[in-house]
Protein chains: 2
Amino acid sequence: MPKLGMEPVRRAALVRATIDEIGATGTLDITVSKIAKRAGMSSALAHHYFGGKDQIFLAAMRHTLTVYGREVRAGLAKADGPKARLEAIIRASFTSSNFRRDVIAAWLNFYVLAQSSPPAQRLLSIYQRRLHSNLVHDLRPLIGARAGPAAQRIAGLIDGLYLRQGLARDPDPSDGATRHVLAVLTAELKGNAQ
Amino acid sequence: MPKLGMEPVRRAALVRATIDEIGATGTLDITVSKIAKRAGMSSALAHHYFGGKDQIFLAAMRHTLTVYGREVRAGLAKADGPKARLEAIIRASFTSSNFRRDVIAAWLNFYVLAQSSPPAQRLLSIYQRRLHSNLVHDLRPLIGARAGPAAQRIAGLIDGLYLRQGLARDPDPSDGATRHVLAVLTAELKGNAQ
DNA sequence: ATTTTTATTGATTGACCAGTCAATAAACAT
DNA sequence: ATGTTTATTGACTGGTCAATCAATAAAAAT
């Protein structure tokens with residue numbers, strides 16, 4: 001039965017199945033067999049393509065980060081001027097593709113893993129640095145030297161609201177979180193945060 | 001050898017050992033045997049007093065929450081007026097006893113667990129509601145109807161900065177986080193966040 | 001035609017671990 | 001003295017799971 005060129009198809013299926021499985025259980029305590037079954041293959045094949053459980057999960061997070069990065073860039077492309085660009089960055093963090101229950105569950109487990117796994121820590125740092133430098137880039141022309149601290153506050157607020165929303169029982173539309181961050185952005189631009 | 005009245009001693013030792021062990025590994029993926037060894041007893045005894053692994057961890061989080069609550073109350077007792085009280089609440093979240101690596105690791109794992117464990121979810125809700133109502137109580141006299149949304153932003157910022165600090169490699173003194181939250185508080189009080 | 005590469009899985013191994021239980025013994029109660 | 005409660009553990013059980021491997025087979029290359 002072997003059709004050639006299956007590798008990318010299988011990898012993609014495993015990545016999606018991993019996020020689905022994490023979303024279904026909430027935990028990273030899932031078995032390779034379950035992921036493989038969800039992706040329609042044997043666990044041996046999953047090992048064959050990824051090598052091990054950690055690498056499957058890291059691939060899933062790399063994918064999540066790629067999707068997020070794409071959304072940020074898409075938003076920035078349409079934005080005109082620093083303020084519009086800042087709003088685009090903030091909105092991108094709460095788009096429906098990043099704000100789904102399963103994706104949030106993956107993020108939470110990713111945070112936990114980042115404490116003990118250097119590759120996960122590295123991946124997380126990439127996300128954090130990118131967000132920070134994106135924010136600073138567009139805050140600087142508006143508030144100069146205060147851009148750095150302001151960016152830290154906004155980034156912290158994004159992560160915190162993301163976390164809180166992920167744990168809320170009611171699936172509040174991401175609107176609330178977005179508006180909250182925009183409100184703080186406004187305050188930062190008015191220079192009243194000190 | 002049995003000395004009587006060991007139960008509270010053993011329980012306390014297990015709670016402390018649990019947080020230490022989580023801090024050492026970063027994961028909740030720890031064995032009862034490891035915890036028990038760290039606490040100087042057999043795993044059977046740990047099971048005897050707590051019943052199961054989940055219950056040991058929940059007890060550890062209940063303890064953490066108790067310590068945190070005590071610190072909030074201690075801060076509030078010394079504060080005079082709404083603004084000083086708000087500052088006390090914020091400072092309490094970042095005291096050295098809550099801001100230790102192992103405690104933060106426990107929190108992260110607690111967030112993950114809260115997605116799938118109703119008792120953990122309940123415990124987390126208690127923390128969140130308490131923080132929110134504490135903030136609203138002292139924001140209301142200062143900014144009236146805007147207290148609710150402002151409290152959500154401040155609570156989100158606290159959680160987000162806590163999370164970010166927990167994942168940073170350099171153990172930045174909690175000062176930075178505290179100052180950031182106080183800065184946003186100032187902005188909220190000036191009424192410029194919308 | 002046959003060798004090599006790619007795809008695929010069932011079965012197995014080796015390790016780990018949560019939870020149980022029977023057994024031991026000190027303290028206390030009667 | 002005898003019985004009961006509390007403390008304690010070594011040993012065991014049942015189950016789970018990551019990772020490996022040998023075996024099967026289709027496609028591609030020679």
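No experiment lies behind these values; they were computed from the predicted model shown. These values consider heavy atoms only, across backbone and side chains, with no hydrogens, waters or symmetry-generated copies.
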Worksheet item: Rounding to a whole Å, what distance do you find between A:Met6:CE and D:dA28:C1'?
Response: 17 Å
Worksheet entry | Side-chain touch A:Arg91/A:Leu182, heavy atoms, less than 4.5 angstrom | yes
Practice prompt. Take the angle between the ring planes of B:Trp107 and B:Tyr111 and call it parallel below 30°, perpendicular above 60°, tilted in between.
Written response: tilted
Worksheet item: How many Å lie between CZ on A:Arg10 and C1' on C:dT9, as a whole number?
Response: 11 Å
Worksheet, complete the sentence: For B:Ala13 and B:Ala39, the nearest pair of non-hydrogen atoms, with its separation, is O-CB, 3.7 Å
Item to complete: Under 4.0 Å between any heavy atoms, over every strand shown, what does B:Thr31 touch: base, sugar-phosphate, or nothing? Just pick one.
Response: sugar-phosphate
Practice prompt. Would you confirm whether B:Asn109, through its side chain, and B:Gly26, through its main-chain N or O, come within 3.5 Å as a donor-acceptor pair?
Written response: yes
Worksheet item: Which part of the nucleic acid does B:Tyr49 contact within heavy-atom distance under 4.0 Å: base, sugar-phosphate only, or nothing?
Response: sugar-phosphate
Worksheet item: Rounded to whole angstrom units, what separation is found between the CG atom of A:Leu28 and the C1' atom of D:dA18?
Response: 14 Å
Can you name the atoms? Protein N/O to nucleotides 19-21 of chain D N/O, anything below 3.5 Å, with the distance.
unit_1 : atom_1 : unit_2  : atom_2 : d
D:dA19 : OP2    : A:His47 : NE2    : 3.2
D:dA19 : OP2    : A:Lys53 : N      : 3.2

Worksheet item: Do the charged groups of B:Arg179 and B:Asp175 touch, with an N to O distance under 4.0 Å?
Response: yes
Discussion item. Using whole Å, what does the distance between atom P of nucleotide D:dA25 and atom CG of A:Leu45 come to?
Written reply: 17 Å
Discussion item. Could you tell me how far apart A:Glu7 (CD) and D:dA26 (P) are, to the nearest whole angstrom?
Written reply: 21 Å
Fill in: Gap between atoms CZ and C1', on B:Phe50 and D:dT8 respectively (whole Å)
16 Å
Worksheet item: If you look at every strand shown and take non-hydrogen atoms under 4.0 Å, does B:Ile30 touch a base, only sugar-phosphate, or nothing?
Response: sugar-phosphate
Item to complete: Start with the C-alpha distance between B:Tyr127 and B:Asp159, add both sets of side-chain angles, then the distance that settles side chain to side chain donor-acceptor pair (under 3.5 Å), and finish with yes or no.
Response: CA-CA 11 Å; B:Tyr127 155 74; B:Asp159 286 3; 2.9 Å; yes
Worksheet, complete the sentence: Ranking B:Ala46 and A:Asp29 by the position along DNA chain D of their nearest nucleotide, the one closer to 5' is B:Ala46
Item to complete: Can you tell me the distance, in whole Å, between the CD1 atom of B:Ile56 and the P atom of C:dG19?
Response: 8 Å
N/O donor to acceptor pairs below 3.5 angstrom from side-chain atoms of residues 44-60 of chain A, sequence neighbours left out:
unit_1  : atom_1 : unit_2  : atom_2 : d
A:His47 : ND1    : A:Ser43 : O      : 3.3
A:Lys53 : NZ     : A:Ile30 : O      : 2.9

Worksheet item: Tell me: CE of A:Met41 to C1' of C:dG10, nearest whole Å?
Response: 16 Å
